[in-house]
Amino acid sequence: VTSSGLVIIGGSDAGVMAALWAKDRAPELPVTLVVRHAYPNFSICGIPFYVSGETPEWPMLAHRTVDDLEALGLRLLLNHEATGIDPIERSVTVIDRDGDALTLGYDMLVIGTGAEPVRPPLPGIDLPGVHVLHTIDQARRLHDVVLDGTKRAALIGAGYVGTEMADALTTRGLEVTVIEMAPAVLTTFDPDLGDIVGAELQRHGVTVACDQRVERIEKHGDGSLRVVGTPNLDVAADVVLVAVGVRPETELARHAGVHTNERGAIVVDRRMATNLEHVWAAGDCVHTHHILVDKPLYLPLGTTAHKQGRIAGLNAAGADHAFAGSCGTQAVKVFELVAARTGFRGIEAQAAGFDALSVTVEVDDHKAYYPGSTKIVTRLTGDRRSGRLLGAQIIGAYGAEISKRSDIIAAALHHRANIESLNDLDLSYTPPLSSPWDPVHVAAQAWLRAAR
Ligand SMILES: Cc1cc2nc3c(=O)[nH]c(=O)nc-3n(C[C@H](O)[C@H](O)[C@H](O)COP(=O)(O)OP(=O)(O)OC[C@H]3O[C@@H](n4cnc5c(N)ncnc54)[C@H](O)[C@@H]3O)c2cc1C
């Protein structure tokens with residue numbers, strides 16, 4: 001088998017980043033991407049906005065087109081699935097849609113097989129009309145169903161995908177019910193902050209059913225679906241979307257002898273190297289180094305997949321870079337609200353062994369005398385013993401720079417700042433945008449006062 005240079009399995013965020021950064025470092029290196037479908041380098045994160053109609057055409061979700069990628073020197077094997085890796089021979093078996101097989105030799109291999117949506121083993125989960133959402137094909141199917149006169153949607157799971165989709169389907173004119181097992185929506189936030197987002201959903205007509213455990217999905221004679229559960233869940237719907245999280249897609253890697261952890265995520269070092277020589281991995285299929293605890297957690301996010309893909313690609317092309325790590329920074333827009341978080345919230349920090357103190361302030365995003373000011377809720381978490389900054393959750397109006405304020409905290413976390421130095425930061429001020437003390441400073445001051 002002749003070598004194809006660098007072979008990459010998966011053509012989404014991690015795979016394409018690996019390809020582009022490998023090319024950046026070694027322009028002559030042949031790079032082949034094996035892509036199961038026909039949509040390389042699409043923005044999965046943009047799917048809710050295609051379903052909502054805010055992004056009118058699905059091809060607009062492409063970060064880069066096939067032509068762009070080929071012009072950058074990449075060889076794309078679209079509609080090809082990798083079915084086996086032979087780490088001794090250094091080859092990958094690939095089959096196309098007709099079942100024809102091909103063997104690709106490699107010098108270096110990057111696994112970027114991502115994640116797949118979890119389908120809880122509920123009766124009725126495979127009924128027609130029950131959707132999951134992770135690929136462009138799935139997005140197109142749901143989009144077409146939604147445009148086809150569908151009136152009622154039930155969403156199982158109110159994480160960031162569930163809440164974005166509640167917004168999207170409501171925007172499309174559907175009657176939406178969100179069902180969540182936890183006491184509040186947006187389960188990666190403290191429940192009382194999740195409730196602020198829950199109230200925003202309700203303000204836009206979404207029915208929010210928290211503390212409800214789905215037991216089954218039924219199909220009725222008139223073709224409608226029913227989501228039934230305890231303690232008192234019975235929601236009629238024409239379409240059901242299940243968004244209860246993802247699991248790493250790593251069977252192919254495991255079969256080849258790549259080590260995975262108890263969650264099934266590929267174990268990599270900070271260089272994104274697996275236990276197999278010449279085999280790297282990145283993105284939703286791997287665990288992620290967390291900067292606050294200095295150990296890996298599973299944090300599947302597009303932003304992380306980009307950064308890890310870059311490191312895997314550079315190193316596969318001969319460099320020696322380390323992934324700096326992540327602190328779980330994420331943001332979500334739900335109707336007119338934005339919720340952002342970074343680092344640990346109180347219970348996570350406590351579980352990680354810190355003496356967590358969380359303090360909440362609610363202040364104007366900019367000087368109230370300038371039109372359009374709104375209140376921002378900032379909850380800052382730090383370690384009482386050392387004063388170290390551990391994280392923040394921030395909620396406020398779209399346009400009030402919520403995510404960028406959270407990103408100030410993320411930058412500080414990356415530099416292991418304490419809360420005193422967060423208060424010292426030279427942040428910008430002009431009345432239409434902030435105050436002499438930005439909400440970030442005000443939160444830091446409140447925390448320091450509480451800790452005293
Ligand atoms: C609706 C939605 C919204 C999101 N919004 C955000 C957001 O706002 N911000 C954010 O940071 N993240 C967001 N994410 C998460 C983000 O999309 C993922 O973290 C990111 O796509 C991970 O990239 P990846 O390349 O690791 O994996 P994936 O995107 O899962 O891609 C892996 C690819 O590998 C292919 N593949 C797998 N096995 C094989 C094989 N054997 N042969 C060939 N191909 C194979 C798969 O078909 C897939 O295309 C969102 C996800 C969803 C579903």
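Read the numbers this way: they start at 1 and go in the same order the structure lists the ligands and their atoms.
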Heavy-atom contacts with [X] under 4.0 Å: which atoms of ligand 1 show up? List them by number with element.
{"X": "L252", "value": "41 (N)"}
{"X": "G112", "value": "32 (C), 33 (C), 34 (O)"}
{"X": "G283", "value": "26 (O)"}
{"X": "V34", "value": "43 (C), 44 (N)"}
{"X": "A305", "value": "22 (C), 23 (O), 26 (O)"}
{"X": "E249", "value": "37 (C), 38 (N)"}
{"X": "T303", "value": "11 (O)"}
{"X": "L133", "value": "53 (C)"}

For atom 23 (O) of ligand 1, which of L299, V286, D13, I8 has the closest heavy atom?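 Selected option, by shortest heavy-atom distance: D13.
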
Report the member of L301, L77, L33, T93 with the shortest heavy-atom distance to atom 19 (O) of ligand 1.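 It is L301 whose heavy atom sits nearest to atom 19 (O) of ligand 1.
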
Any nitrogen or oxygen of A82, side chain or backbone, less than 3.5 Å from one on ligand 1?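 Yes; the residue has a nitrogen or oxygen that sits under 3.5 Å from a nitrogen or oxygen of the ligand.
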
Within the structure, does I9 bring an N/O atom to less than 3.5 angstrom of an N/O atom in ligand 1?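 I9 vs ligand 1: no N/O contact under 3.5 Å.
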
[Y] versus [X], side-chain donor and acceptor atoms under 3.5 Å:
{"X": "H131", "Y": "R141", "result": "no"}
{"X": "H289", "Y": "D294", "result": "yes"}
{"X": "T171", "Y": "S52", "result": "no"}
{"X": "S224", "Y": "D238", "result": "no"}
{"X": "H204", "Y": "E336", "result": "yes"}

Is ligand 1 under 4.0 Å from a heavy atom in the side chain of [X], in the backbone, in both, or in neither?
{"X": "V161", "value": "side chain"}
{"X": "V332", "value": "neither"}
{"X": "T113", "value": "both"}
{"X": "A14", "value": "both"}
{"X": "A115", "value": "backbone"}
{"X": "H37", "value": "side chain"}

Tell me whether [X] at atom [atom1] has more than 12 heavy atoms from other residues, nucleotides or ligands lying less than 6.0 Å away.
{"X": "R270", "atom1": "CZ", "answer": "yes"}
{"X": "R213", "atom1": "CZ", "answer": "no"}
{"X": "Q202", "atom1": "CD", "answer": "yes"}
{"X": "K295", "atom1": "NZ", "answer": "no"}

For Y39, state whether at least one heavy atom is located under 4.0 Å from any atom of ligand 1.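 Per 4.0 Å heavy-atom rule, Y39 does not contact ligand 1.
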
Any H80 heavy atom less than 4.0 Å from ligand 1: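 Flag set, H80 near ligand 1.
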
Please report which non-hydrogen protein atom sits nearest to [atom], along with the residue it belongs to and the distance in Å to one decimal place.
{"atom": "atom 45 (C) of ligand 1", "answer": "R36 CB, 3.9 Å"}
{"atom": "atom 29 (O) of ligand 1", "answer": "S12 OG, 2.7 Å"}
{"atom": "atom 26 (O) of ligand 1", "answer": "D284 N, 2.8 Å"}
{"atom": "atom 52 (C) of ligand 1", "answer": "I44 CG2, 3.6 Å"}
{"atom": "atom 35 (C) of ligand 1", "answer": "G10 CA, 3.9 Å"}
{"atom": "atom 27 (O) of ligand 1", "answer": "G114 CA, 3.2 Å"}
{"atom": "atom 8 (O) of ligand 1", "answer": "C45 CB, 3.7 Å"}
{"atom": "atom 15 (C) of ligand 1", "answer": "Y160 OH, 3.5 Å"}

What is the distance from atom [atom1] of [X] to atom [atom2] of [Y], rounded to the nearest 0.5 Å?
{"X": "I402", "Y": "R341", "atom1": "CD1", "atom2": "CZ", "value": "16.0 Å"}
{"X": "D24", "Y": "M17", "atom1": "CG", "atom2": "CE", "value": "10.5 Å"}
{"X": "T360", "Y": "D192", "atom1": "OG1", "atom2": "CG", "value": "7.0 Å"}

Could you check whether any side-chain heavy atom of V176 comes within less than 4.5 Å of a side-chain heavy atom of T207, counting everything from C-beta outward?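 V176 does not reach T207 side chain to side chain.
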
Can you say whether the rings of Y39 and F42 are parallel (under 30°), tilted (30 to 60°) or perpendicular (over 60°)?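 Aromatic pair Y39/F42 classed perpendicular.
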
Are the aromatic rings of Y298 and H287 close, with centres under 6.0 Å apart?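 Ring centres of H287 and Y298 not closer than 6.0 Å.
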
Verify the ring-centre separation between Y50 and H143: is it less than 6.0 angstrom?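 Here the rings of Y50 and H143 have centres that are less than 6.0 Å from each other.
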
